[in-house]
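For reference, positions follow the sequence shown, starting with 1.
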Amino acid sequence: MTIKFTINIPPHPQERPRFRNLGKFTQTYDPPKSKEYKKKIANVAKMYAPGTPISVPLQIKLIFFVSIPTSKSKAWKQRALLGHEFPAVRPDIDNYVKAILDALNGIMFTDDGKIVELISYKRYSDRPRTEVSITELIPEIQTKLF
């Protein structure tokens with residue numbers, strides 16, 4: 001089984017956790033922007049979620065389409081749209097991945113430990129979004145892959 005869906009909001013990286021002191025204890029919490037972004041992702045994911053979260057090994061494919069910088073020339077922007085320029089700049093792709101996987105945890109899959117294959121891309125687009133594909137890896141399929 002494969003579940004595919006698109007999150008039609010600009011990708012946002014997972015930010016560093018914030019800390020606050022509560023007497024002798026320190027509490028860790030998500031920054032407000034990350035928390036709101038994950039909430040939006042979870043709302044989209046719930047529309048495509050299976051009845052119960054998947055509990056078998058998974059392959060996840062994520063394609064992050066980020067905005068083209070406005071400071072670039074028209075010719076450069078055209079090359080970026082054709083896939084000849086890459087967003088090899090911050091934010092790092094692993095921070096984008098972390099935000100998505102955190103938001104999908106418990107909705108699409110029981111635990112992110114079930115992910116055994118992860119494929120992710122960062123590309124430019126004039127329509128920022130994230131495309132998600134989640135595939136169950138059944139043992140018969142795994143043996144055919146190799």
K.L.:
For the hydrophobic clusters of this structure (ILVMFWY residues joined by side-chain heavy atoms under 4.5 Å, transitively), does one cluster hold both Ile41 and Met47?
P.N.:
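Both belong to a single hydrophobic cluster.
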
K.L.:
Check for me, please, whether Ile60 and Tyr48 land in the same ILVMFWY cluster - side-chain distances under 4.5 Å, paths through other members count.
P.N.:
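Yes: a chain of side-chain contacts under 4.5 Å links Ile60 to Tyr48.
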
K.L.:
Would Tyr96 and Thr130 count as a side-chain contact (heavy atoms from CB on, under 4.5 Å) here? Give the steps.
P.N.:
CA-CA 10 Å; Tyr96 285 128; Thr130 303; over 6 Å; no

K.L.:
Quick check against the 3.5 Å criterion: does Arg20 have a side-chain atom that pairs as donor or acceptor with the backbone of Arg18?
P.N.:
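Side chain of Arg20 to backbone of Arg18: no pair is present.
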
K.L.:
Check for a donor-acceptor pair, side chain of Lys61 on one end and backbone N or O of Ser133 on the other, with a separation under 3.5 Å.
P.N.:
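It does not hold such a pair.
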
K.L.:
Would you give the length of the straight line joining atom CD1 of Ile54 to atom CD1 of Ile134, rounded to the nearest 0.5 angstrom?
P.N.:
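Reported to 0.5 Å precision, the distance equals 6.0 Å.
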
K.L.:
Any side-chain to backbone donor/acceptor pair from Ser34 onto Glu15? Under 3.5 Å, distance only.
P.N.:
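Between the backbone of Glu15 and the side chain of Ser34 there is a qualifying donor-acceptor contact (under 3.5 Å).
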
K.L.:
Treat each ILVMFWY residue as a node, draw an edge where side-chain heavy atoms are under 4.5 Å apart, and state whether Tyr37 and Tyr29 are in one component.
P.N.:
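No, Tyr37 and Tyr29 fall in different hydrophobic clusters.
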
K.L.:
Nearest 0.5 Å, please: how far is CD1 in Ile68 from CD in Glu85?
P.N.:
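The CD atom of Glu85 sits 10.0 Å away from the CD1 atom of Ile68.
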
K.L.:
Assigning hydrophobic clusters by single linkage (Ile, Leu, Val, Met, Phe, Trp, Tyr; side-chain heavy-atom cutoff under 4.5 Å), is Val56 placed with Ile107?
P.N.:
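Same hydrophobic cluster.
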
K.L.:
Under the criterion salt bridge (charged side-chain N to carboxylate O under 4.0 Å, His left out), which of Arg16, Lys35, Lys38 is the partner of Asp30?
P.N.:
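The residue from Arg16, Lys35, Lys38 that satisfies salt bridge (charged side-chain N to carboxylate O under 4.0 Å, His left out) with Asp30 turns out to be Lys38.
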
K.L.:
Between Lys33 (side chain only) and Pro13 (backbone N and O only), is there a donor and an acceptor less than 3.5 Å apart?
P.N.:
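Side chain of Lys33 to backbone of Pro13: no pair is present.
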
K.L.:
Other than Tyr121, what residues sit in its cluster of Ile, Leu, Val, Met, Phe, Trp and Tyr side chains whose heavy atoms are under 4.5 Å apart, directly or through others?
P.N.:
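Noted: Tyr121 shares its cluster with Ile63, Phe65, Ile119.
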
K.L.:
Quick one: do Gln27 and Phe19 satisfy side-chain contact (heavy atoms from CB on, under 4.5 Å)? Show the steps, please.
P.N.:
CA-CA 6 Å; Gln27 183 180 29; Phe19 304 95; over 6 Å; no

K.L.:
Minimum heavy-atom separation for Pro128 and Pro11, please, with both atom names.
P.N.:
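Of all heavy-atom pairs spanning Pro128 and Pro11, the closest is CB-CD, 4.2 Å.
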
K.L.:
What's the separation between atom CZ in Arg129 and atom CG in Asn8, rounded to the nearest 0.5 Å?
P.N.:
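It comes to 7.5 Å.
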
K.L.:
Report yes if some heavy atom in the side chain of Met108 is under 4.5 Å from a heavy atom in the side chain of Leu58; otherwise report no.
P.N.:
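In short, these two side chains do not touch, never coming nearer than 4.5 Å.
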
K.L.:
Measure the spacing between CG of Leu104 and CD1 of Ile115 and express it to the nearest 0.5 Å.
P.N.:
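These two atoms lie 8.0 Å from each other.
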
K.L.:
Give, for atom CZ of Arg127 and atom OG of Ser67, the distance between the pair rounded to the nearest 0.5 Å.
P.N.:
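Separation between the atoms: 12.0 Å.
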
K.L.:
Please report the closest heavy-atom contact between Asn105 and Asp111, naming both atoms and the distance.
P.N.:
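Of all heavy-atom pairs spanning Asn105 and Asp111, the closest is OD1-CA, 3.2 Å.
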
K.L.:
Please answer whether the main-chain N or O of Pro91 pairs with a side-chain N or O of Lys122 as donor and acceptor at a distance below 3.5 Å.
P.N.:
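Checking the backbone N and O of Pro91 against the side chain of Lys122, a donor-acceptor pair under 3.5 Å is found.
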
K.L.:
Do you know the tightest heavy-atom contact between Lys72 and Lys77?
P.N.:
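Shortest heavy-atom separation between Lys72 and Lys77 comes out as O-CE, 3.2 Å.
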
K.L.:
Kindly write out the residues that satisfy salt bridge (charged side-chain N to carboxylate O under 4.0 Å, His left out) with Asp112, not counting sequence neighbours, or none if the list is empty.
P.N.:
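Asp112: no salt bridge (charged side-chain N to carboxylate O under 4.0 Å, His left out) contacts found.
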
K.L.:
Do NZ/NE/NH1/NH2 and the carboxylate oxygens of Asp94 and Lys98 come within less than 4.0 Å?
P.N.:
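Judged by the 4.0 Å cut-off on N to carboxylate O distance, Asp94 and Lys98 do not form a salt bridge.
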
K.L.:
With a 4.5 Å limit on heavy-atom distance, are the side chains of Phe64 and Ile100 in contact?
P.N.:
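Yes. Closest side-chain heavy atoms under 4.5 Å.
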
K.L.:
Please determine whether residues Leu81 and Tyr124 belong to a single hydrophobic cluster, defined as Ile, Leu, Val, Met, Phe, Trp and Tyr linked transitively by side-chain heavy-atom distances below 4.5 Å.
P.N.:
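Shared cluster, yes.
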
K.L.:
Is there side-chain contact between Asp102 and Gln14, with heavy atoms separated by less than 4.5 Å?
P.N.:
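Counting from C-beta outward, Asp102 and Gln14 do come under 4.5 Å.
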
